[in-house]
Amino acid sequence: MTAALDLMRTHAALLPLIIAIVGAALAMLCPPRLSWGLATLAALLCAFVTADTSVRVLIAAAPLWSVAEGVPLLADGIGLFASPLIAAVAALALAASGAVLSDIERRTWPLAMALVLCQLFGWLGALAARDLAGVFVAIETAWLASVALLAFSAGRTALGGALRMLGAGGVGSALFLCGVGIFYRSVGTLELSAIATAHIESADAAALGAGLMLLGVALKAGVAPLHDWMGGAFTRPGGPAALVLGTVGVIGALAVIVRLAGYVATSPTIGEGVSIALAVLGGASVVIGSVQAVGAHNLTRLAAYAGAAQAGGILLCVALGSPAGFAAALVQLTALAAAALALFGGAAAGGVQSLEHLDGLGRRAPLAGAAIMTGAISLMGAPLTLGFLGRWRLVEAGVGAGWWWAAGAVIFASLAGVFYGGRLIERLYFRRAGDLFHGPNDAWRWALAPMLAASIVAIAFGVSPAPLLTAADSAGALMLGGLP
Amino acid sequence: MSAELALLGVLATPVLQALLVLALQRPPGLRDVVHIVGALITALCALRLVGAAAEQESVRLVLAQPLPNVGLAFVVEPLGALAAAALSGLGVLHAVHAAGMVRATQEKAPARLMAFIALAAAATMAVAFSANLFTFFVAYQALTLAVFPLVAHRGDEEARRAGRTFLATLLTASMGLFLPAMIWTYAIAGALDFQPGGMLAGKVDIPTANILLVLFVLGLAMAAMPPLHRWLPESSKAPDPALVTIQGLAIIPAGGIGVIKVAAFVFGPALIEARLASLALIGLAGVGMCVAALIALSRRDLRERLAYSCMAQSLAVVMGALVALPMGLFAAALQIVALACAATTLSMAVGTSAAITTRRNVEDYVGLGRVMPWTFAGFALASASMIGMPPFSGAWAKLWLITALGAPAGGLMWAAALVGVAAVLTFAHLGPLAASALSGKAPTDAFKRPDGASILLAAPVILGAAATLSLLVLADSLARFLSPIWNSAP
């Protein structure tokens with residue numbers, strides 16, 4: 001057992017990627033239900049391997065290993081923190097998707113499961129890639145897998161949504177590629193670790209390149225106002241596509257932004273320009289996402305728009321360019337992951353599409369109701385939730401850097417949260433139940449329970465977040481040059 | 001019982017009480033006994049904490065460490081102990097009265113009503129004993145969320161609208177005004193712990209102090225400062241037991257406690273730096289008192305009239321806390337006790353009367369005292385206290401308030417005059433009402449129920465009225481008891 005553990009730890013950088021891609025290949029070959037079990041197991045294994053490494057390095061302060069696989073991989077603080085988060089989110093989403101697979105034609109279930117694992121492979125790869133070319137390839141893998149998964153969902157609207165995603169993704173990819181080209185021309189390297197020390201010929205061009213790259217990924221993360229594709233993608237909220245896209249897809253893309261920013265925004269030559277671009281985009285996302293969430297009539301769209309507001313907060317944290325800022329971004333990322341799991345999972349469990357379907361859900365489906373409520377109060381930034389903790393860390397880091405307006409943006413997001421969160425809670429518990437329940441009603445519905453319970457527990461983690469804060473602080477410090 | 005255990009008990013017992021009330025809904029007798037016993041244990045724990053505060057025991061309870069350097073912590077200090085003892089003591093009467101009300105009105109969801117009343121009590125205790133601004137903020141939010149279901153309890157469109165107004169006003173004010181003030185304070189002081197003498201003393205400049213004071217006081221919308229007071233009249237159509245919680249035992253007292261804590265423990269001597277803002281806020285509160293009392297005069301529905309009357313009394317707490325004198329803080333603390341006694345008694349009396357006679361309008365009260373003498377005797381005594389007539393509690397609180405405002409150090413004769421005008425207007429909207437109820441001709445068809453009010457409905461009103469005499473004998477002792485609050489204050 002110890003030998004196996006040692007072997008696993010020796011190849012800890014590559015192992016999650018292998019598990020994900022081999023799992024995807026095997027899932028395609030299995031019968032429908034077995035493919036679901038296999039995919040869930042593979043994601044769980046990925047979560048275990050990545051979490052083991054993260055705990056050792058970020059919490060137990062073990063030395064960071066050097067990657068000796070012969071594959072261009074690079075371990076850093078953000079990757080170490082975000083990889084287990086994404087793998088865990090994917091495992092929970094995969095487990096829960098067992099209850100809503102009927103949204104997809106039965107014969108394509110194995111392919112759908114393989115696509116989810118391909119997404120996981122892509123985002124984990126983007127968080128471990130050593131150079132920008134590797135990051136690009138990995139992001140495209142994840143994005144195309146998301147588009148294909150949505151296209152397999154039932155109904156013409158899903159196909160339309162997939163086409164919109166494909167178009168938006170194409171624009172994002174073009175921006176990223178242009179950015180990489182301009183950046184390479186100015187900096188002379190694509191190696192992430194070499195950016196900080198590289199001789200930069202034209203700082204403006206390098207900043208433009210970095211900005212375009214970040215913009216390309218921001219588009220895929222659903223950062224407002226670049227999130228037009230979300231309306232189509234979240235039209236049909238009950239199926240596995242929305243569940244996976246709203247959780248794994250968004251968290252994965254945001255984590256990649258944080259990682260890239262860790263290399264470019266902290267560069268002394270180009271950092272300031274990138275920082276301003278991120279701050280502007282972040283502020284806009286907070287405001288636009290919050291306003292759209294207030295006006296949303298569909299639960300998953302509301303969750304997506306509220307997520308865009310939260311994503312804006314993450315960009316603001318990253319724009320600070322300090323270890324405290326990166327640590328705050330990681331806490332916010334965790335908070336968003338927990339809230340997204342709760343809201344998307346609750347929507348799937350309750351068969352909720354429009355907000356009217358929420359009426360009385362707290363009594364009809366208590367666990368789904370509790371999950372949606374906790375997700376809502378976390379997005380509001382209510383105290384003793386991860387949402388509050390994330391915003392507090394942003395304000396702390398922002399005020400420390402003299403960015404008072406960032407505190408204003410956070411308060412604006414919280415005020416908007418009061419309106420849309422309050423509306424959800426009122427409908428859940430203070431409206432008479434209608435006969436609008438369309439959620440999964442067979443034994444498989446219990447597959448959603450672990451996801452909902454885990455999301456509630458994760459949000460409640462806001463009461464005693466010491467390990468999370470330690471890990472986030474270590475990751476931020478490691479990203480910027482050494483453990484605290 | 002150790003003081004630490006009592007502190008845990010005062011916070012946890014109402015939560016346990018709520019869970020048990022929900023779990024033991026049948027038989028109703030068991031549910032009611034659990035509700036009353038829970039309130040009684042809470043009151044006993046609070047009483048033990050008064051002893052601990054009197055002996056200046058150091059009692060601190062840290063439940064969690066959700067932020068670096070900031071804990072979810074509770075501490076026993078005189079103001080919190082006094083407020084908790086008064087509110088939980090009255091809470092026992094309210095528990096008995098609520099048990100009678102749900103039977104008399106054949107309430108459809110009595111367990112839910114009682115459970116949220118208990119949760120509101122827990123959050124109020126947490127507000128009273130909060131050790132820092134963060135804990136206060138958490139408890140304040142919890143109180144808002146616990147009382148929201150009480151406001152929206154009836155479930156019809158009107159109740160939902162009232163609930164939305166309640167939630168939106170209190171949460172928006174706390175998130176939009178109080179939270180920024182808290183963050184700003186943290187940035188200046190580097191800590192959030194309440195300190196006698198003020199955490200901002202010597203650390204804040206004049207413009208910042210003025211802005212912070214406005215943010216804090218308006219952010220505490222539970223104190224019903226205009227223009228953030230709409231939630232109070234809107235919520236006046238809630239069930240009667242819920243109204244007692246809102247007006248007498250939880251929301252309005254919590255707002256008052258918050259303002260006093262901010263004045264004494266956040267600002268302390270720094271209140272002098274915020275002189276401009278405090279004068280403006282005292283003026284706003286004084287004018288608000290008079291206008292609220294005037295609006296109360298125009299309301300025919302007793303619940304609305306009481307809501308505006310309570311608003312006027314709540315603003316007296318704000319005036320006392322902001323006057324920047326120990327006398328003012330003392331007056332504000334007394335006013336919380338006086339308001340709690342009078343508002344609880346009046347709300348219970350109005351509830352009893354409505355349950356038995358279905359009458360809620362002012363003109364229908366003529367002569368009702370003849371057929372419900374105990375209930376209306378309590379109503380009259382509580383009205384006298386609300387007006388500020390000696391020897392009732394309200395008189396001593398207002399006397400100290402007027403003295404503090406009019407003293408040479410306060411120099412705010414105009415504010416003292418506003419308090420006097422508000423007292424006259426309060427007399428106008430409560431005095432004749434009580435008099436006509438007791439002296440008018442008894443109606444022949446008063447009772448909906450032939451057997452009249454049960455002892456569960458009448459006894460709490462009488463005991464509550466008796467409590468309005470408490471300050472007559474306790475005022476001197478309370479001055480000594482509360483002195484640690486202002487020993488380091490301006």
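In what follows, chains carry the letters A, B, and so on, assigned in the order in which the sequence lines appear, proteins first and then strands, with residues in each chain numbered from 1.
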Nearest-0.5 Å distance, [atom1] of residue [X] to [atom2] of residue [Y]:
{"X": "B:Leu67", "Y": "A:Leu469", "atom1": "CG", "atom2": "CG", "answer": "8.0 Å"}
{"X": "A:Arg423", "Y": "B:Leu167", "atom1": "CZ", "atom2": "CG", "answer": "13.0 Å"}
{"X": "A:Glu426", "Y": "B:Arg164", "atom1": "CD", "atom2": "CZ", "answer": "5.0 Å"}

Practice task
Sort out for me which of A:Val418, A:Ile377, A:Leu389 touches chain B most, counting heavy-atom pairs under 4.5 Å.
Solution key: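 The residue among A:Val418, A:Ile377, A:Leu389 with the greatest pair count is A:Val418.
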Return the minimal non-hydrogen interatomic distance between [X] and [Y], and the atom names on each side.
{"X": "B:Pro66", "Y": "A:Pro465", "answer": "O-CG, 3.3 Å"}
{"X": "A:Leu384", "Y": "B:Val138", "answer": "CD1-CG1, 3.6 Å"}
{"X": "B:Met175", "Y": "A:Ser414", "answer": "SD-CB, 3.9 Å"}
{"X": "B:Pro180", "Y": "A:Ile411", "answer": "CG-CD1, 3.2 Å"}

Practice task
Sort B:Gln141 into side chain, backbone, both or neither according to what part of it lies under 4.5 angstrom from a heavy atom of chain A.
Solution key: side chain
Handout entry: Over 12 non-hydrogen atoms of neighbours within 6.0 angstrom of CD in B:Glu157
Key = yes
Handout entry: Worked check of side-chain contact (heavy atoms from CB on, under 4.5 Å) between A:Val395 and B:Trp184
Key = CA-CA 10 Å; A:Val395 169; B:Trp184 201 343; over 6 Å; no
Handout entry: Test item: B:Leu171 and A:Phe419 side chains (from C-beta on) under 4.5 Å apart, heavy atoms
Key = no
Exercise for the section: Verify whether the ring centers belonging to A:Tyr429 and B:Phe148 lie closer than 6.0 Å. Expected result: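 No, the ring of A:Tyr429 stays outside the 6.0 Å limit from the ring of B:Phe148, centre to centre.
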